[in-house]
Amino acid sequence: MPDDPYLDSIVAIVRKVSPPEAVRSVFEAEVDEHYTGMRMQFEGEDGPLDSSRWAEFADPWSEELTNTLLDLRDAMVSEGSLPRFGLTFTVDRDAGFDVTLTYDMPADLPWVH
């Protein structure tokens with residue numbers, strides 16, 4: 001696994017783009033050599049929140065997030081991992097986070113350059 005700064009940077013951005021009422025944010029990404037696909041879902045105290053506007057919140061951060069994901073991918077490849085992977089970050093507002101890396105790609109993610 002690459003150094004923690006990649007993961008910490010992604011988690012920090014996820015927290016910045018999450019609406020204030022979100023108690024948990026789930027960020028999914030598919031990372032290829034030059035592109036990333038991303039989706040976020042938010043949970044509030046009473047259940048799922050409307051996630052359709054997440055791109056508005058993420059827009060100022062999308063380039064930094066894309067670059068960090070691509071850097072993470074490059075670091076993993078340099079350590080001998082396969083060149084494509086999916087990842088899911090589950091970020092709790094008041095606690096830590098969990099990251100799941102997989103070689104299975106999340107389905108139907110919108111692409112970002």
Side-chain angles (χ1 to χ4, degrees):
M1 173 71 75
D3 292 337
D4 288 347
Y6 295 111
L7 304 180
D8 292 341
S9 179
I10 293 168
V11 168
I13 294 170
V14 169
R15 284 195 169 119
K16 288 177 188 176
V17 303
S18 297
E21 64 273 20
V23 295
R24 177 172 293 128
S25 301
V26 179
F27 171 70
E28 294 177 282
E30 176 181 352
V31 183
D32 199 352
E33 188 174 359
H34 300 290
Y35 296 93
T36 59
M38 298 181 237
R39 171 178 47 224
M40 278 194 65
Q41 298 174 2
F42 308 110
E43 297 175 25
E45 294 287 342
D46 298 323
L49 299 173
D50 178 14
S51 297
S52 63
R53 294 182 48 224
W54 93 269
E56 291 177 33
F57 300 111
D59 188 49
W61 303 102
S62 62
E63 185 175 349
E64 181 180 350
L65 187 55
T66 297
N67 290 337
T68 303
L69 287 166
L70 291 171
D71 290 345
L72 173 63
R73 178 207 175 272
D74 291 345
M76 293 184 76
V77 168
S78 71
E79 290 182 0
S81 295
L82 294 175
R84 289 183 61 156
F85 69 97
L87 56 85
T88 302
F89 282 80
T90 303
V91 180
D92 291 324
R93 177 177 61 197
D94 298 325
F97 65 92
D98 181 58
V99 178
T100 302
L101 299 172
T102 179
Y103 296 109
D104 298 324
M105 299 301 116
D108 302 325
L109 295 180
W111 286 97
V112 179
H113 305 92

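Along the sequence shown, residues are numbered consecutively beginning with 1.
Checked against salt bridge (charged side-chain N to carboxylate O under 4.0 Å, His left out), Asp92 has the following partners two or more places apart in sequence or in another chain: Arg24. Every residue meeting the side-chain contact (heavy atoms from CB on, under 4.5 Å) condition with Glu64, not counting sequence neighbours, appears here in chain and number order: Ser9, Ile13, Trp61, Thr68. Residues satisfying the side-chain contact (heavy atoms from CB on, under 4.5 Å) test with Asp8, not counting sequence neighbours, are Asp4, Phe97. Listed by chain and residue number, nothing satisfies the side-chain hydrogen bond (donor to acceptor under 3.5 Å, both in side chains) test with Asp98 (two or more places apart in sequence, or in another chain). Taking the salt bridge (charged side-chain N to carboxylate O under 4.0 Å, His left out) definition, one finds that Arg15 meets it with nothing, sequence neighbours left out.
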inquiry  = Let's go through Leu69 and Met38 carefully: what are the C-alpha distance in whole Å and the side-chain angles of both, what is the deciding distance for side-chain contact (heavy atoms from CB on, under 4.5 Å) to 0.1 Å, and is it a yes or a no?
reply    = CA-CA 10 Å; Leu69 287 166; Met38 298 181 237; 4.2 Å; yes
Carefully, step by step, assess Leu72 and Leu7 under the rule side-chain contact (heavy atoms from CB on, under 4.5 Å).
-> CA-CA 8 Å; Leu72 173 63; Leu7 304 180; 4.2 Å; yes
field: Criterion side-chain contact (heavy atoms from CB on, under 4.5 Å) on Ser25 and Met40, from CA distance to verdict
entry: CA-CA 7 Å; Ser25 301; Met40 278 194 65; 3.7 Å; yes
Starting from the C-alpha separation in whole Å, work towards a yes-or-no answer on side-chain contact (heavy atoms from CB on, under 4.5 Å) for Val91 and Phe27.
CA-CA 8 Å; Val91 180; Phe27 171 70; 6.0 Å; no
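Val26 and Ile10 are assigned to two separate hydrophobic clusters, defined by single-linkage of ILVMFWY side chains at heavy-atom distances under 4.5 Å.
Here the CD-CD distance, from Glu45 to Glu21, works out to 11.0 Å after rounding to the nearest 0.5 Å. Atoms NZ and CG, from Lys16 and Leu65 in turn, are 11.0 Å apart once rounded to the nearest 0.5 Å.
Annotation for Leu49 and Gly44: closest pair CG-N, 3.6 Å, computed over non-hydrogen atoms. Here the closest heavy-atom approach between residue Asp32 and residue Leu70 is recorded as O-CD2, 3.3 Å. Closest approach of Val17 and Phe42 over heavy atoms only: O-CZ, 4.1 Å.
Between Arg73 and Thr36, the closest side-chain pair of non-hydrogen atoms is not below 4.5 Å.
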